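Down below is the structure, laid out as C-alpha cells.
The model shown is predicted, which means the values in this text are computed figures rather than measured ones. We name chains A, B, ... by the order of the sequence lines, and we start the count at 1 in each one.
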Number of protein chains: 2
Amino acid sequence: MNKYEQIARDIYNDIASGKYEPGSQLALEKEMCAQYGVSRITVKRAVDELVKQGLVVKRRGSGTFVKGVQEEDVENVGMCGQFGGFSNTHQGHQVSTDVKKFEIVHPSPEVAEKLKISTEDFVYDIIRIRYLDGRPENVEYTQMPIEVIPGIKQEVLMNSIYNHIENTLKLQIQSAHRTVSADMPTEEEKEFLRIEGVLPVLQVAQVAFLSDGRPFEYSKSRHRADTSVFRAVSIH
Amino acid sequence: MNKYEQIARDIYNDIASGKYEPGSQLALEKEMCAQYGVSRITVKRAVDELVKQGLVVKRRGSGTFVKGVQEEDVENVGMCGQFGGFSNTHQGHQVSTDVKKFEIVHPSPEVAEKLKISTEDFVYDIIRIRYLDGRPENVEYTQMPIEVIPGIKQEVLMNSIYNHIENTLKLQIQSAHRTVSADMPTEEEKEFLRIEGVLPVLQVAQVAFLSDGRPFEYSKSRHRADTSVFRAVSIH
DNA sequence: GAGTGGTCTAGACCACCCC
DNA sequence: GGGTGGTCTAGACCACTCG
C-alpha cells in the first residue's frame, strides 16, 4: 500500500466516522506531515484524492474543509469511484442474474470501431438481466472481443465478468467512457424488467479499457428509471 | 499560466491535431523534460491531466499511449471537463432562453439541507427553457441563495448565470455533484419542450459549489431524451 | 505579516515491461 | 539488463487569505 493511499484512507475514515463535522477544517498539511512522517507533497497528494471524490475543498490561504455532502453520495462515490460492474456497486443486496443470450458473433462496424477490432474478429454477444433482491433492475447488452477476454463461460456470466477479468485473467481495468441517456423500453424489455404502464429506462453505454489501453468491452445497460440513478462528481 | 497546464495543453493539441495517431506512443517523460526544460514530476503532472480526461493510457515499463476515442468524446470532455452551464457546452449553436419563472422564495427543507442554509433564508426560484437553434432542448429549475449569489436580474437569466458568477461576482466555481436519472415529462413540460407522443426526459440534478466550499446552486435540468446525452469518463 | 495551500526542482529508489 | 513510469524526499519560492 502506498503512503498517499493509506493517508487518504485514514482521512476518509475520519470524515466518514464523523470525527470531522461537515464544514470543519482538516488538520493542516504541515501537521499531517509530522503525524505521518512524510513530506508535504505526499500529504498533498493524499488530500487531493479526497478533493477528487468531492469530499473536501481546499482554500489557499485558509486550509482544507469538509464539504458536508449527502451520505448517499459518499457511499456511492466513496473510496472506489463509480467503478466495477453491477455486482460490486450493490453490496448488501442480493444480486442475481439471468442469462438471456450468450453467443459468439462478428461485431457490427460501429462496435468494431469502438473496440478497435475488425468486423472479421469475434466478440461475445451477451444479454443478461440483473435482479436486486429478486426484482429486475436492468438488462445489459455486452460485447467483448474473445481475443482480449478469453474463457467466458455461463458460470462467469452468472457472477461478475469483472471479477473474472481481474482475478482469473489478472488483467487490470483502467477506465470507462460512458454515455448516459434516457429512452423508452422495448416490448421485450418491458417483459424482462416487468414494467407495466409508462416507465422509461436509464441507459448507460460504455466502452471500457484495460490498463494496457486495449478496449475490452462495449456495453449498454438499461435500468428501470424508478430504481436507478447515475452519480458523478466533477471538479473544475 | 502554470507550466504543467501549458504542457498538458500542448500535448492535447498534438493529439487533437492528429500529430499522434490513435494507439501511438507519446514522447517519453524524460524527453519532454528536456523539450520543455522542466522536471519530470511536472511533466508527469501534465500527462496525468490527459489521463484524467481519458485521452491517454500510461503503461509502466512501456510508455504512454494515445487511447483513440471517438471525437465527440474529446470535444465534450476536452480540456474543460463537462463543466459550465448550458450556454458554454453548446458553442457553435445558437442558444436562447425563455424565463418562465423568476421569484424569491424560502427553500424547501430538502433544498435548504443541500444548500446548507435555513428554511428561513431566501433563494431565487427560477424556471427557464433553453433552446438550441430555436428548438427547445431542456427546462431548468434552479434555486440559488440570494446571500451567496446577489444581483441576479432578468438580463442575467437570459444569458449565463455562470458568466455572471465568474465574471461579475468574481467567484470561482469548484465542483458539482450530479445525479442523472430518467423520467417522463409532466404535461407542462411536454408543452415547454414541444413533446408530442411518448418521449422521456433525461434529468440532471446537481448541487454546485464555489471554491470556498459554499454550495451556491441546486438545480434540475430536464432534457429532451432525443437530443441530449450525459458523458462521463471514470478512471480506476 | 504570519500562515495557508500551489507549484516546482533535482535527485533517489522502486515496480514493472520487454528484450 | 536496460528502460519505462510510480512514488517519495527536502527544500524553495509563489499566491492567496486573514487579522
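- Along DNA chain C, the nucleotide nearest to A:G61 and the one nearest to A:I41 differ in position, and the one closer to the 5' end is contacted by A:G61.
- Within the nucleic acid shown, B:V47 has no heavy atom closer than 4.0 Å to any nucleic acid atom.
- Qualifying salt bridge (charged side-chain N to carboxylate O under 4.0 Å, His left out) partners for A:R60, counting only residues two or more places apart in sequence or in other chains: none.
- The interatomic distance linking A:R59 (CZ) with D:dA15 (C1') rounds to 15 Å, in whole Å.
- B:Y4 has its OH atom 18 Å from the P atom of D:dC14, to the nearest Å.
- Contacts of A:R128 classified as salt bridge (charged side-chain N to carboxylate O under 4.0 Å, His left out), with partners at least two apart in sequence or in another chain: A:E140.
- Within a 6.0 Å sphere centred on CD of A:Q35, other residues, nucleotides and ligands contribute more than 12 heavy atoms.
- Side-chain nitrogen and oxygen atoms of B:K30 include none within less than 4.0 Å of the OP1 or OP2 phosphate oxygen of D:dG3.
- Residues satisfying the salt bridge (charged side-chain N to carboxylate O under 4.0 Å, His left out) test with B:R59, not counting sequence neighbours, are none.
- Residues A:M1 and B:L26 each lie close to DNA chain D; by heavy-atom proximity, the contact nearer the 5' end of the strand is made by B:L26.
- Contact record, B:S175 with A:K67: OG-NZ, 2.6 Å, taken as the closest heavy-atom pair.
- Whole-Å rounding puts the B:Q25 CD to D:dG3 P distance at 14 Å.
- Mapping A:G37 and B:S62 onto DNA chain D by nearest heavy atom places B:S62 closer to the 5' end of the strand.
- Across all strands, A:K3 comes closer than 4.0 Å only to sugar-phosphate atoms, never to a base (heavy-atom distances).
- To the nearest angstrom, C1' of D:dC16 lies 14 Å from CD of A:E29.
- Summarising the geometry, the separation between CG on B:N2 and P on D:dC16 is reported as 10 Å, rounded to the nearest angstrom.
- For DNA chain C, the outermost nucleotides in 5' to 3' order that have an atom under 4.0 Å from a heavy atom of chain B are C:dT7 to C:dC18.
- At a threshold of 4.0 angstrom between heavy atoms, the contacts of A:R40 include nucleobase atoms, whether or not backbone atoms are also involved.
- Scored by the ring-ring contact (aromatic ring centres under 6.0 Å, His included) test, A:Y36 finds no partners at all (sequence neighbours excluded).
- The salt bridge (charged side-chain N to carboxylate O under 4.0 Å, His left out) check on B:E49 picks up B:K52, with sequence neighbours excluded.
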